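Contents: one structure, followed by commentary.
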Amino acid sequence: MATTDTAVKTTATDTSPPPARAPRTRGSRLWVKVVVALLLVVEIYPLVWMFLTSLKSNDDYLNHSTWSLPTRWEWGNYSEAWTTGHIGLYVQNSLLAVLPALALMLLLGTAAGFALQIMVWKGRSLILLVFLAGMMVPPQMILLPLFTVYFQTGLSGTLWPLILTYTGTGLPLTVFMMATYYRSVPRELFEAATIDGAGILRAFWTISVPLVRNALLTVGLVQFFFIWNDLLIALTFTNDQDLRTIQVGLLNFTGDFGATQYGPLFAAICINVFGTLLIYLFLNQKVMKGLTSGAVKG
């Protein structure tokens, strides 16, 4: 008994702090800085090289080293790319095809995710598996049947084939991601709304959509980059020069006698790359919040 009391007293009076961690050495911090610096060089240098190449003339590109600086800064390459190269038209076509497809994709994907995770009905697990199976179908397999359908329905020669195809191919991933985010939404909120007399539509629009707005932004940005950078689908369904998207338009950046105009071509690429990069940098924090909001169930 005395031994037990002594042990208890010793434990109660033992308030010594836990052993401190050994401080990091300067060598380990130096290695971290070196690795980060190398990653920055790998990421930034191609962008710098692309920008400098966009300011070169064709003579600089063909007769000088690839890594040399421009002998004369050709800022007119950007105006030539915008006007003569019709980049403005290609950007407009891309926006007219991407934005409606993105809106349809997010609306249908959010509604499907809500129905599959929040609503209780028989067979919802099977329907989710059907959506997941859609992610396994290669887009190359459906191009020829879709081309035939669009031609027979008279949709060829418009941007509707791109809008419908982008929506259909992006919907499985959108549904899967939105269903995952809805798992972190507390069910008590919808139960309380039902007790207060809210219907399904009101619970969807006024409760669920505001709760997953960061997820909507994240999924929308991911899908935006996917379909904005698409070449295969746009090249298949745009048979008119006035309907080309920016990725297809970059393939036909030629001058007299079919010669490639490298300065305006790289200027057009810079307009495309830096424009999308600015969008990502502007929405970066919200994207990070959206990526982590579905990781832990609340």
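Computed from a predicted structure; not experimentally measured.
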Got more than 12 heavy atoms from elsewhere within 6.0 Å of [atom1], [X]?
X	atom1	answer
F151	CZ	no
Y61	OH	yes
R124	CZ	yes

To the nearest 0.5 Å, what is the distance between [atom1] ([X]) and [atom2] ([Y])?
X	Y	atom1	atom2	result
I87	L250	CD1	CG	5.0 Å
L164	I233	CG	CD1	11.5 Å
M105	Y166	CE	OH	10.0 Å
L277	C270	CG	SG	11.0 Å
L159	L243	CG	CG	5.0 Å
T276	W228	OG1	CH2	8.0 Å

Can you find a pair of side-chain heavy atoms, one from [X] and one from [Y], that are under 4.5 Å apart?
X	Y	result
V219	T110	no
L235	T245	no
M178	L216	yes
D60	Y262	no
Y181	N214	no

**Message:** Applying side chain to side chain donor-acceptor pair (under 3.5 Å), can you list everything that pairs with T169, at least two apart in sequence or on another chain?
**Reply:** none
**Asked** Are F190 and Y182 near enough that their ring centres are under 6.0 Å apart?
**Response** no
Is there a chain of hydrophobic side chains (I, L, V, M, F, W, Y, each step under 4.5 Å between heavy atoms) that links [X] to [Y]?
X	Y	answer
L143	M136	no
F282	L221	yes
F224	L281	yes
L129	M177	yes
V149	V137	no

So, for [X] and [Y], which heavy atoms are closest and what is the spacing to 0.1 Å?
X	Y	value
W121	L116	CZ2-CD2, 3.8 Å
H86	Q241	CD2-NE2, 4.3 Å
V175	G109	CG2-CA, 3.9 Å
F147	T236	CE1-O, 3.8 Å
D59	H64	O-ND1, 3.6 Å
P172	M135	CB-CG, 3.5 Å

**Asked** Going through the checks in order, is the side-chain contact (heavy atoms from CB on, under 4.5 Å) test met by L155 and F237?
**Response** CA-CA 10 Å; L155 294 177; F237 296 123; over 6 Å; no
Pairs of donor and acceptor atoms involving the side chains of residues 38-55, under 3.5 Å and at least two apart or interchain, shall be tabulated with distances.
residue: W49; atom: NE1; partner: T66; partner atom: O; Å: 3.2
residue: T53; atom: OG1; partner: W49; partner atom: O; Å: 2.7
residue: S54; atom: OG; partner: F51; partner atom: O; Å: 2.5
residue: S54; atom: OG; partner: Y78; partner atom: OH; Å: 2.8

**Asked** With no hydrogens and no angle check, do the side chains of T165 and Y150 hold a donor and an acceptor under 3.5 Å apart?
**Response** yes
Main-chain N/O of [Y] paired to [X] side chain as donor or acceptor, under 3.5 Å:
X	Y	value
S79	W75	no
R187	V185	yes
R213	P210	yes
R72	S57	no

**Message:** Test side-chain contact (heavy atoms from CB on, under 4.5 Å) on W82 and I271; report intermediate values, then the result.
**Reply:** CA-CA 9 Å; W82 191 265; I271 293 174; 4.2 Å; yes
**Item:** Test side-chain contact (heavy atoms from CB on, under 4.5 Å) applied to D230 and Q247, step by step
**Value:** CA-CA 7 Å; D230 166 71; Q247 308 302 334; over 6 Å; no
Could you list the donor-acceptor pairs under 3.5 angstrom formed by side chains in residues 91-104, with sequence neighbours left out?
residue: N93; atom: ND2; partner: L89; partner atom: O; Å: 3.4
residue: N93; atom: ND2; partner: D242; partner atom: O; Å: 2.8
residue: N93; atom: ND2; partner: R244; partner atom: O; Å: 3.0
residue: S94; atom: OG; partner: Y90; partner atom: O; Å: 3.1
residue: S94; atom: OG; partner: I246; partner atom: N; Å: 2.9

**Prompt:** So I127 and F131, side-chain contact (heavy atoms from CB on, under 4.5 Å) or not? Walk me through it.
**Reply:** CA-CA 6 Å; I127 298 299; F131 276 107; 3.7 Å; yes
